[in-house]
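Below: one structure, written as structure tokens.
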Protein chains: 2
Amino acid sequence: MDLPPLAQQFVLHFGEMGSRWGINRTVGQIYALLYISPRPLCADDVVEALGVSRSNVSMGLRELQGWNLVVPRHVADDRRDHFTTPGDVWQILRTLAEERKKREVDPTLSVLRELLMQTPGSDEDRFAQARMAEMHGLIEQLTTWYDDIRRLETERLVSLLAMGARVTKFLDIKDKVVTFGRGRSPRKA
Amino acid sequence: MDLPPLAQQFVLHFGEMGSRWGINRTVGQIYALLYISPRPLCADDVVEALGVSRSNVSMGLRELQGWNLVVPRHVADDRRDHFTTPGDVWQILRTLAEERKKREVDPTLSVLRELLMQTPGSDEDRFAQARMAEMHGLIEQLTTWYDDIRRLETERLVSLLAMGARVTKFLDIKDKVVTFGRGRSPRKA
DNA sequence: CTGTAGTTTCAGAAAATACTGAAATATCCG
DNA sequence: CGGATATTTCAGTATTTTCTGAAACTACAG
């Protein structure tokens, strides 16, 4: 690997973190490389930059495309496919959330649903099913919330984040507003 | 493995998902088993239920304790350690978020900080650093937000989730309130 | 149709990870 | 302390995952 120092450290870090993120080292490195590259790179550029085999790069790029974290981009006067990461980090975050949900949460949700449909044949199973119901309820609440906020434009999402826990203040206000609406004597909030 | 049908399916599913969640099959199964068990189990119970080696269970339990997803619990008249998962699913969610952040996000955040301190030695590095700054900004916003809401009691967290994207309505209200505060003539909202 | 440049597939090698049984260690009780 | 029970460590084995080079495939230009 022969990259400028900062780039190299970044790429190596992503390689190491790869395993914790459920991807392998090469895939992590390819992503990092494309992320900090000022222009789209072709597979051979990646081979050269990372010093791994051509076929490994091919597989890595395929996997990253499967995650929608890397997109092909045509470059004038070159038959070869070139690749970039989407530029907007907020978009990347959405993609990541979406894909992780799809891989890590959805399968479990559907298994839980199936198991909750079945009739328990023993006390153990009855208890187990109750626990599964709790887990199912939690996941369902989370995914409903996620489905809701994923549609927000970035700007709104950012202000929501910036508010943080302070939004709960408005929950209080809401309670008061509701009270007013029920005919109690209003007074200034 | 010899468990009641529902329990068994649940345990097997967690074993399969393990790899996607960054844990191995046995660890996933142990967790699932403890989660649906009506009483704390000792290591030998787990060996018996899952049909894996004693030492494997020992390592798995150790790992799960490292994640704070399993806690030892004493059982009367038995010298052996017994283990449970915390009962409250919301607490489990918090723990999971906390641990995943610690393992998957924090190391990258600190590497990014380091790399942003360094002086770029080339145009490539200058560009790379700009991209790293974007990523750093995003992660920092997310972790700030997370630090904020992780402290909420469950009840408030739940209502926040239930509100979903509707909280943004209050952002509009807030704008109005600010406007009022600046001396424009107030009228009922 | 043929040659060329580019890409993907795939079987096996290499590396990493998970699992086991045996031995070592720790803990408790009398 | 000595013996019994419970737990952990660890070296070796098995399994899984990753990576490679060679071959197969594809698309296009001449």
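All chains are named by letter (A, B, ...) in the order of the sequence lines, taking the proteins before the strands, and each is independently numbered beginning at 1.
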Quiz item: What integer distance in Å separates A:Asn56:CG from C:dG12:C1'?
Solution: 15 Å
Quiz prompt | Residue pair A:Leu61 / A:Ala43: nearest heavy atoms and the distance that separates them | solution = CD1-CB, 4.1 Å
Quiz prompt | Ring-face cation of B:Arg131 near A:Tyr35 (centre distance under 6.0 Å, axis angle within 45°) | solution = yes
Quiz item: B:Glu63 CD to C:dC19 P: how many Å, rounded?
Solution: 10 Å
Quiz item: Any side-chain donor paired with an acceptor under 3.5 Å for B:Asn56 and B:Thr26?
Solution: yes
Self-check item: hydrophobic_cluster_shared for B:Met135 and A:Val70, side chain cutoff 4.5 Å
Solution: yes
Quiz item: Judged by modelled atom types alone, do B:Gln118 and A:Gln9 share a side-chain donor-acceptor pair under 3.5 Å?
Solution: yes
Quiz item: Which of residues 8-46 of chain A sit near DNA chain D, with a heavy atom under 4.0 Å from it?
Solution: A:Asn24, A:Arg25, A:Thr26
Quiz item: Of all residues at least two apart in sequence or in a different chain, which pass the side-chain hydrogen bond (donor to acceptor under 3.5 Å, both in side chains) check with A:Asp106?
Solution: A:Lys101
Self-check item: ring pair (Phe, Tyr, Trp, His ring centres under 6.0 Å) involving B:Trp21 - partner list, sequence neighbours excluded
Solution: B:Phe14
Self-check item: Within residues 99-108 of chain A: residues closer than 4.0 Å to DNA chain D (heavy atoms)
Solution: none
Quiz prompt | B:Arg150/B:Asp147 ion pair, N-O < 4.0 Å | solution = yes
Quiz item: Are any of the side-chain nitrogens in B:Arg103 or B:Glu98 under 4.0 Å away from the carboxylate oxygens of its partner?
Solution: no
Using nucleotides 23-27 of chain C, report all nitrogen or oxygen pairs with the protein that are shorter than 3.5 Å.
unit_1 : atom_1 : unit_2  : atom_2 : d
C:dT27 : O2     : B:Arg79 : NH2    : 3.0

Quiz item: Where each residue is assigned the nucleotide of DNA chain C containing its nearest heavy atom, which of A:Ser55 and B:Met59 is assigned the position nearer the 5′ end?
Solution: A:Ser55
Self-check item: Side-chain donor or acceptor of B:Ser37 paired with backbone N/O of B:Pro40 under 3.5 Å
Solution: no
Quiz item: If you look at every heavy atom in B:Met132 and A:Leu6, which pair is closest and at what distance?
Solution: CE-O, 3.7 Å
Quiz item: Heavy atoms, side chains only, cut-off 4.5 Å: are A:Glu153 and A:Leu157 in contact?
Solution: no
Quiz item: Looking only at side chains, do B:Arg94 and B:Thr154 share a donor and an acceptor under 3.5 Å apart?
Solution: yes
Exercise. Check every nucleotide of DNA chain D for an atom under 4.0 Å from a heavy-atom of chain B, then give the first and the last such nucleotide from 5' to 3'.
Key: D:dT5 to D:dC10
